[in-house]
Amino acid sequence: MAPTTQSLLPKRPPPLLKDELDIVIPTIRNLDFLEMWRPYFEPYHLIIIQDGDPSKTIRVLQGFDYEFYNRNDINRILGPKASCISYKDGACRSFGFLISKKKYIFTIDHDCFVAKDPTGTEINALEQHIENLLKPSTPFYFNTLYDPYRKGADFVRGYPFSLREGTPTAISHGLWLNIPHYDAPTQLAKPRERNTRQATTLYVDAVMTVPKGALFPMCGMNLAFDRELIGPAMYYGLMGEGQPIGRYDDMWPGWCIKVICDHLGWGVKTGLPYIWHSKASNPFSNLTKEYKGILWQEDMIPFFQSLKLPKDCNTSQKCYIELSKLVRARLGKIDPYFIRLADAMVTWIEAWDELNNTSGTASTAPAKVK
Ligand SMILES: O=c1ccn([C@@H]2O[C@H](COP(=O)(O)OP(=O)(O)O[C@H]3OC[C@H](O)[C@H](O)[C@H]3O)[C@@H](O)[C@H]2O)c(=O)[nH]1
Ligand SMILES: [Mn+2]
């Protein structure tokens, strides 16, 4: 039988990590935004976390393979441990990280769309995150040509060959066009500011490793990570209803994972890919949620900067439990909230180990912790 034209076409390679990556989406709205992502997300499995009133129906488009959880499901699955999963805050996405069985996670907000680069080409954010995660990081010595493993780049003169193998990448932190990830005071001061691709200075074509010893403000809306390495530390904390703080759901794990990655010798990358962040949330309601975070971060950040984890903490779980003790001892003085947060961190690890049949034995650090 004559070959059909279809069979003559070069076979498209299967999407990278198709069966090793879950896409976690927290939402209080219908997920129509998925239509724009269909070419990139359809081959992957989605984990959708409905926040807020579980009796409300959330529409998910046809053709996607997904599992769906609302608050009733979270309470049913976790029982009393559900107390560590936030309610009425994007932090509820932590449950998706917990319930997944895959090695990698990509998490995205419902108001993040496909962006275009300065040439007008659509950005496949998921593919770029996967590339970031599968290639090593360089936390111990800064490469001035940024990510040396990207096409068209390399290590510059003076970069020690003993470090050119790099280290495993735990986090890939993407950025945003249009609505930048500003706190409420900045949003109020610059209501019309947009990170526009026309001003190409704001589209920075770079991926870089956040150097060891440097903290960074991690944004949770366009983020991927190696769940086997750093999943136990990717807890978005106690936020939203019943809590004195909100919208620090990503800042908290950002600080926790960075001190743990530094300790265990893993890398955190930031930069490409960009997504198009379509909607600015209300700065006034944001201010009521995040003002304590703005105040407390002046103490939280020096706390994380001063941390030294014991050498025998050689897994993310062990580091995280040690961290919870330090949070209780040193941040508990600021506000009783941190005592509850320290308890919730322990509950989170208990839930993690229960649902993943681990007991702090997950991926250990490389032989020598630098
Ligand atoms: O009560 C809620 C509110 C929102 N969500 C879901 O979380 C995602 C983020 O919500 P939204 O886009 O409205 O807020 P942003 O201000 O843009 O959020 C970013 O900045 C604050 C936090 O750091 C947050 O993590 C960032 O994403 C979106 O998918 C909503 O559907 C929710 O689940 N519950
Ligand atoms: Mn948003």
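Each ligand, and each atom within it, is numbered from 1 in the order the structure gives. Note that the coordinates shown come from a computational prediction; the quantities given were computed from them, not determined experimentally.
The ring-ring contact (aromatic ring centres under 6.0 Å, His included) contacts involving residues 54-87 comprise Tyr69-Phe95, where partners must be two or more places apart or lie in separate chains. Applying the ring-ring contact (aromatic ring centres under 6.0 Å, His included) test to pairs two or more places apart or on separate chains, those with a residue in residues 222-249 are Phe97-Phe225, Phe97-Tyr236, Tyr235-Trp348.
Using the six-membered ring where Trp is involved, Phe338 and Trp252 have ring planes that are tilted, between 30° and 60° apart. Taking the six-membered ring for Trp and thresholds of 30 and 60 degrees, Tyr159 and Tyr141 have ring planes more than 60 degrees apart, a perpendicular arrangement.
Note that Arg164 lies in the cation-pi zone of Phe161, set by a 6.0 Å cut-off to the ring centre and a 45° limit from the axis.
Among the backbone and side-chain atoms of Asp111, an N/O/S atom is found under 2.8 Å from the Mn ion (ligand 2).
Considering only residues two or more places apart in sequence or on other chains, Thr57 meets the side-chain contact (heavy atoms from CB on, under 4.5 Å) condition with none of them.
Take the N/O/S atoms of His277: the one nearest the Mn ion (ligand 2) is NE2.
A side-chain contact (heavy atoms from CB on, under 4.5 Å) with Gln50 holds for exactly one of Ile74, Asn70, Asp73; it is Asn70.
Sorted by chain and number, the residues within 4.0 Å of ligand 1 by heavy atom are Pro26, Thr27, Ile28, Asp51, Lys88, Asp89, Gly90, Cys92, Arg93, Asp109, His110, Asp111, His181, Met221, Arg247, Asp249, Asp250, His277, Lys279, Ser281.
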